[in-house]
Amino acid sequence: MTGTTTATTTATTTGNTSGDTSGSASGAARVIVGLSGSLSSLAALYHSVGEAARHGAVLVPVAAWTVGDRDGLRPRSELEHAARRRLDVAFGQAYGGYPSGLVIRPLVVNSEPGPALVAAVTGPEDLLVLGAPTPRRFDRLRGTSVARYCRHRAGCRVVEVSPSALLTRLELPARTGAPLPLLTR
């Protein structure tokens, strides 16, 4: 999975080799994807499954969860279960379940999304796939985004996939009634 990566209109690639890569190299390249339940993260899932299949890489879908102000009264086990469910729902929506033929190692982490995704990176041979950020007033005021955090700290390539990539991919099958594309790009 090393080599030159070109950016397209649907995915922005950042070659970032700074950051901590300790705990590294398990030998096989990995494709790490953050799943938040948004349309952008679903597009990132499609992209990451294609990358993992193409390169024979391990797919690591990550769902991060934290106890927020509104969740303070919910048991932690319930919050973790909701994050696990988010992974199952994303794969169910995208593929009707977890695709066969891939090694998939889901990761559910009690952490903010950015640090959880960066911690999942084991070395520069990994690929981190994110849904492209959508402008939100709160994020602009705080000056933060998961994508920005990961671009600056992940010790591997970072690809941001816009939801338009997914919509473009699904437009023809939706109009013609053809089957939805699974592992092909």
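- Residues Arg76 and Asn110 share a closest heavy-atom pair of NH1-ND2, 3.1 Å.
- Looking only at side-chain heavy atoms (C-beta outward), Val109 and Trp65 stay at 4.5 Å or farther from each other.
- Shortest non-hydrogen contact noted between Cys156 and Gly123 is CB-O, 3.6 Å.
- Ala120 is linked by a side-chain contact (heavy atoms from CB on, under 4.5 Å) to Arg30, Ile32, Val62, Leu107, counting only residues two or more places apart in sequence or in another chain.
- Remark: Arg84 engages Glu80 in a side chain to side chain donor-acceptor pair (under 3.5 Å) (not counting sequence neighbours).
- In this view, Ser48 and Val31, Val33, Leu45, Leu59, Val129 satisfy the side-chain contact (heavy atoms from CB on, under 4.5 Å) rule, not counting sequence neighbours.
- Side-chain polar atoms of Ser40 and Ser38 form no donor-acceptor pair below 3.5 angstrom.
- Considering only heavy atoms from C-beta on, Pro106 stays 4.5 Å or farther from Phe91 through its side chain.
- A distance of 4.5 Å separates CG of Leu117 from SG of Cys150, quoted to the nearest 0.5 Å.
- Between the CG atom of Leu39 and the CD atom of Gln93 there is a distance of 9.5 Å, given to the nearest 0.5 Å.
- The shortest side-chain heavy-atom distance between Pro99 and Ile104 falls under the 4.5 Å cut-off.
- Counting only heavy atoms from C-beta outward, the side chains of His81 and Glu78 never approach each other to under 4.5 Å.
- Across every non-hydrogen atom of Leu42 and Ala94, the tightest pair is CD1-CB, 3.9 Å.
- To the nearest 0.5 Å, atoms NE2 (His47) and CD (Glu160) are separated by 11.5 Å.
- Under the rule for a side-chain contact (heavy atoms from CB on, under 4.5 Å), the partners of Ala64 that lie at least two apart in sequence or sit in another chain are Pro113, Ala116.
- Residue Ser41 comes nearest to Gly37 through the heavy atom pair OG-N, 3.2 Å, listed as atom of the first residue, atom of the second, then distance.
- Although no hydrogens or angles enter the test, the distance criterion places no donor-acceptor pair under 3.5 Å between the side chain of Arg105 and the main chain of Val58.
- Applying the side chain to side chain donor-acceptor pair (under 3.5 Å) rule to Asp88 yields the partners Tyr98; only residues at least two apart in sequence or on another chain are considered.
- Nearest heavy-atom pair, Ala90 versus Leu35, reported as atom, atom and distance to 0.1 Å: CB-CD1, 4.0 Å.
- Looking at every heavy atom in both residues, Ala154 comes nearest to Val118 through N-CG2, 4.0 Å.
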